[in-house]
Amino acid sequence: MKIATWNINGVKARIENLVAWLKESQPDIVCLQEIKTVDEGFPRADVEALGYNIETHGQKGFNGVAILSKLPFDEVIRGLPGDDEDDQARFIEGVFSVVDAKGRKTALRVVSLYLPNGNPISEDRKFGYKLRWMARLERWAAERLRLEEPLVLAGDYNVIPEKEDARRWQDWVNDALFQPESRQAFRRLLSLGFTESIRSVTDSPEVYTFWDYQAGAWQKNNGIRIDHLLLSPEASNTLRGAVVEKHVRSWEKPSDHVPVAIDLEITVPV
DNA sequence: ATGGTCGTCCCACGA
């Protein structure tokens with residue numbers, strides 16, 4: 001089973017790219033971030049025509065996440081618990097019935113998350129919100145891990161985990177994406193028992209998922225790696241591969257992020 | 001240090 005995550009930076013502006021990529025990549029489940037539309041504005045027909053079910057958690061103008069799936073959804077949960085005042089659409093969880101590598105039926109949980117950017121770090125309503133959101137995510141994840149089910153926590157984390165995850169880490173020392181607090185919170189989340197997919201298959205530097213539109217960042221390969229798929233032990237056991245689909249950044253009218261995909265030894269019930 | 005580019009929506013704002 002192929003599961004991918006992609007910050008699409010506006011699904012209405014990117015629908016042609018999305019359709020072309022779905023046809024090429026053939027993922028079973030897709031986590032989208034920054035759809036930048038209310039639920040009613042999602043271009044459903046183009047995606048449904050390719051055989052996908054669609055669940056969205058949209059918002060006007062900004063943010064917004066979605067999950068596309070060839071499998072039917074057993075359950076959908078919108079929003080990250082822990083703050084009733086938080087009305088930003090950054091989290092959606094889908095539950096699916098699957099068969100694991102040993103032929104046992106199990107639930108597969110897949111989350112599409114869009115972690116707050118957090119800039120500027122001088123503003124509590126930005127950087128404080130990011131860190132509080134990460135603390136909520138850690139509490140939620142600890143609870144979910146107790147289920148001992150395959151769980152994929154995928155999305156735009158807006159965190160550069162290590163220096164080698166940026167072409168020029170010096171450029172990011174005052175940025176929320178590379179603050180010690182952000183990186184520590186990401187490490188705390190990992191240390192609950194998650195495996196970070198890309199780093200479990202390669203040590204090589206210069207694996208990036210985002211290149212800014214400005215200042216020729218793509219042409220100079222001035223990128224950062226901020227889109228991650230975290231796997232519970234039960235999902236990690238089934239990991240066969242992980243790739244960054246870098247070529248999508250060179251397409252016409254690209255998103256500033258590219259898809260990241262994993263291959264799990266998990267199948268659909270017959 | 002500054003300016004550089006997008007998407008959404010209607011005027012800046014967020015990234």
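Chain identifiers are assigned alphabetically (A, B, ...) following the order of the sequence lines, protein sequences preceding nucleic acid strands; residue numbering begins at 1 within each chain.
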Send over the distance from [X] [atom1] to [N] [atom2], rounded to a whole Å.
| X | N | atom1 | atom2 | value |
| --- | --- | --- | --- | --- |
| A:Q33 | B:dA15 | CD | C1' | 14 Å |
| A:E34 | B:dG7 | CD | P | 11 Å |
| A:Y114 | B:dA15 | OH | C1' | 6 Å |
| A:K60 | B:dA12 | NZ | C1' | 14 Å |
| A:F127 | B:dA15 | CZ | P | 14 Å |
| A:E123 | B:dA15 | CD | P | 11 Å |
| A:D256 | B:dG7 | CG | P | 9 Å |
| A:N17 | B:dG7 | CG | C1' | 14 Å |

>> B:dG14, OP1 or OP2 - any side-chain N/O from A:R90 closer than 4.0 Å?
In response: no
task = Would you kindly say whether A:R167 and A:N222 are connected by a side-chain donor-acceptor distance under 3.5 Å?
result = no
Would you tell me whether A:K36 and A:N9 have side-chain atoms, one donor and one acceptor, within less than 3.5 Å of each other?
yes
Counting heavy atoms from C-beta on, name the nucleotide in [options] closest to the side chain of [X].
| X | options | answer |
| --- | --- | --- |
| A:N117 | B:dC10, B:dA15, B:dG7 | B:dA15 |
| A:A215 | B:dT5, B:dA15, B:dG3 | B:dG3 |
| A:Q214 | B:dC6, B:dT8, B:dA15 | B:dA15 |
| A:F62 | B:dG3, B:dG7, B:dA15 | B:dG7 |
| A:Y213 | B:dA15, B:dT8, B:dC6 | B:dC6 |

Could you tell me whether [X] and [Y] make a salt bridge, using a distance below 4.0 angstrom between a side-chain N and a carboxylate O?
| X | Y | result |
| --- | --- | --- |
| A:R14 | A:E34 | no |
| A:E149 | A:R144 | no |
| A:D100 | A:K105 | no |
| A:E181 | A:K130 | no |

* Asked: In terms of the angle between their ring planes, are A:W140 and A:F91 parallel, tilted or perpendicular, with boundaries placed at 30° and 60°?
  -> perpendicular
message: Measuring centre to centre across the rings, with the benzene-like ring taken for any Trp, is A:W21 within less than 6.0 Å of A:W251?
response: no
Note: for A:D212 and A:T37 on DNA chain B, the residue whose nearest nucleotide lies more 5' is A:D212
The residue, A:K126 or A:A13, whose nearest nucleotide of DNA chain B is more 5′ is A:A13
Could you tell me how far B:dG14 sits from B:dA1 if I compare only their P atoms? Round to whole Å. 24 Å
Pick the P atom in B:dT2 and in B:dA12, then give their distance to the nearest Å.
-> 22 Å
Ordered by number, residues from residues 163-178 of chain A within less than 4.0 Å of DNA chain B (heavy atoms) are none
Please classify the nucleic acid contact of A:F210 as base, sugar-phosphate, or nothing, using heavy-atom distances under 4.0 Å. nothing
